[in-house]
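The structure appears right after this line, and notes come after that.
Just so you know, these numbers come straight off a predicted model, no measurement behind them.
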Amino acid sequence: MISHLEKESGMTNENLIFHQLFEAESSTYTYLLADRVSRDAILIDSVIETVDRDLKLIQELDVNLKYVLDTHIHADHVTGAGEIRSRIPGAQIGVPKTARLICADVHLSDGDTLAFGRFELKVLETPGHTDASVSFLCGDMVFTGDALLIRGTGRTDFQSGSSADLFDSVTSKLFSLPPQTKVYPAHDYKGFTSSTIEMEKLHNPRLGGGRSKEDFVKIMSELKLAYPKKIDIALPANQACGLPGSRQGV
Ligand SMILES: [Fe+2]
């Protein structure tokens, strides 16, 4: 299927370098996207433990990292963004504007676009997992962070999360994308790598199949999830873009 972006720009996915990378301890996906011709690149949701792997891949591909982005302030792992910025001159850290991180270079709001070569990412604000969560749309791919997972969603019980807001974000912003849009989440715990908007609308047990907001809020309130193991380390570190020595706070 030819996406809207491809029709407008004459781009095809053959011109896009795309790597989905995995960090096993936190089950996090990191995504590298680059323009095959200009070599400009973007990294989404890096993890501190796998920075060396990501930098080696960036070097091997011979791409220029313009942005290292986080979809939200993660509670389950420390971001690699600060370390990567310190090792790649010119790379800029982008985070949701509503996270108010002074360590970041780019503060992302709904509708903003980030260009890399002839491609661009469009920012979709999708709060609910936290109050400062975004997704990134690139042609027929959407990177959903912890807003929409494959047959699941992010939790909503800390970091000013809101089940009602998450329901609205997913059903109004993400489910209105073309059905064949590929969904790439920040995590998967069951071995899935991607989904589509159509499949999540049909089969997501929490908010697919036409479930109501009331159903969703009730499901989320009854999850009884464990306290995240790394939250007490990850949140303060991520308030400083993952670098304890860097500018911290809001
Ligand atoms: Fe998260």
Side-chain angles (χ1 to χ4, degrees), residues 1-72 74 77-96 101 103-108 112-123 134-145 181-188 193-194 238 241-243 245-246:
M1 182 185 167
I2 305 237
S3 73
H4 178 65
L5 174 73
E6 289 161 0
K7 272 190 280 186
E8 271 194 350
S9 65
M11 297 297 299
T12 70
N13 284 349
E14 288 161 31
N15 295 316
L16 182 72
I17 296 170
F18 174 65
H19 286 265
Q20 182 180 35
L21 303 152
F22 189 62
E23 195 285 313
E25 190 187 353
S26 61
S27 299
T28 299
Y29 286 124
T30 298
Y31 299 96
L32 178 71
L33 295 90
D35 182 324
R36 196 173 293 284
V37 176
S38 78
R39 315 307 287 180
D40 287 345
I42 287 182
L43 195 67
I44 300 172
D45 285 335
S46 60
V47 179
I48 192 77
E49 283 84 358
T50 40
V51 162
D52 286 342
R53 173 200 67 189
D54 299 348
L55 292 179
K56 187 162 186 282
L57 179 63
I58 286 165
Q59 185 186 31
E60 289 169 348
L61 289 169
D62 192 23
V63 295
N64 316 308
L65 189 70
K66 290 187 71 179
Y67 300 107
V68 52
L69 309 176
D70 277 301
T71 51
H72 62 289
H74 302 277
H77 68 270
V78 175
T79 178
E83 176 72 13
I84 288 170
R85 180 178 61 184
S86 75
R87 291 167 64 179
I88 298 188
Q92 294 191 304
I93 295 176
V95 298
L101 293 195
C103 57
D105 306 294
V106 184
H107 303 270
L108 305 164
D112 287 352
T113 56
L114 294 169
F116 59 108
R118 296 159 299 165
F119 291 92
E120 66 178 25
L121 286 190
K122 182 178 177 189
V123 177
V134 297
S135 299
F136 299 113
L137 182 65
C138 182
D140 64 356
M141 300 185 290
V142 64
F143 302 90
T144 54
T181 305
K182 297 183 205 72
V183 172
Y184 289 103
H187 303 285
D188 191 82
T193 52
S194 69
N238 290 335
C241 295
L243 280 180
S246 101

### Query
Given side chains that start at C-beta, do those of E83 and D52 come closer than 4.5 Å, heavy atoms only?
no
### Message
Against V68, only a single residue in I93, V106, D54, T79 fulfils side-chain contact (heavy atoms from CB on, under 4.5 Å); can you say which?
### Response
I93
### From CA spacing to verdict: side chain to side chain donor-acceptor pair (under 3.5 Å), H74, D45
CA-CA 9 Å; H74 302 277; D45 285 335; 2.9 Å; yes
### Task
Please name the pair of heavy atoms, one in S38 and one in N64, separated by the smallest distance, quoted to 0.1 Å.
O-ND2, 3.7 Å
### Message
Consider side-chain contact (heavy atoms from CB on, under 4.5 Å). Of L33, V183, T181, which one does M141 pass it with?
### Response
L33
#### Entry: H19 NE2 to L43 CG distance, which is reported to the nearest 0.5 Å
11.5 Å
#### Entry: Value rounded to 0.5 Å, distance of CD1 in I44 from OG1 in T144
10.0 Å
### Query
After noting the C-alpha distance and the side-chain angles of F22 and T50, does the key distance pass the side chain to side chain contact (heavy atoms under 4.5 Å, CB included) rule?
CA-CA 9 Å; F22 189 62; T50 40; over 6 Å; no
### Message
Quick check for you: to the nearest 0.5 Å, what is the distance between R39 atom CZ and K66 atom NZ?
### Response
15.0 Å
### Task
Determine yes or no for a side-chain-to-main-chain donor-acceptor pair under 3.5 angstrom, with H72 supplying the side chain and P96 the backbone.
no
### Message
Between C138 and F116, is the side chain to side chain contact (heavy atoms under 4.5 Å, CB included) condition met? List the steps.
### Response
CA-CA 11 Å; C138 182; F116 59 108; 4.0 Å; yes
### Message
With a 4.5 Å cut-off on side-chain heavy atoms, are F119 and N15 touching?
### Response
yes
#### Entry: Distance-minimising heavy-atom pair for E23 and R53
N-NH1, 4.4 Å
### Task
Not counting sequence neighbours, which residues clear side chain to side chain donor-acceptor pair (under 3.5 Å) with T30? List them please.
none
### Message
Is it the case that over 12 heavy atoms from other parts of the model lie below 6.0 angstrom from the CD atom of E60?
### Response
yes
### Query
Nearest 0.5 Å, what's the OH-CG distance between Y67 and D105?
9.5 Å
### Task
Apply ring-ring contact (aromatic ring centres under 6.0 Å, His included) to F143 and list each qualifying residue two or more places apart in sequence or on a separate chain.
Y31, Y184
### Task
Looking only at non-hydrogen atoms, find the nearest pair between F136 and D70 and report the distance.
CZ-O, 4.4 Å
### Task
Mind running side chain to side chain contact (heavy atoms under 4.5 Å, CB included) on D112 and V134 for me, showing each step along the way?
CA-CA 11 Å; D112 287 352; V134 297; over 6 Å; no
### Summary
Residues R118 and V37: closest non-hydrogen pair is NH2-CG2, 3.0 Å
### Task
Kindly compute the distance separating CG (L243) from SG (C103), expressed to the nearest 0.5 Å.
8.5 Å
### Task
Hey, could you give me the CZ/CG distance between R36 and L16, rounded to the nearest 0.5 Å?
8.0 Å
### Query
Do N238 and V78 come close enough that some side-chain heavy atom pair is under 4.5 Å?
yes
### For G80 against S46, the heavy-atom pair lying closest together
N-OG, 3.2 Å
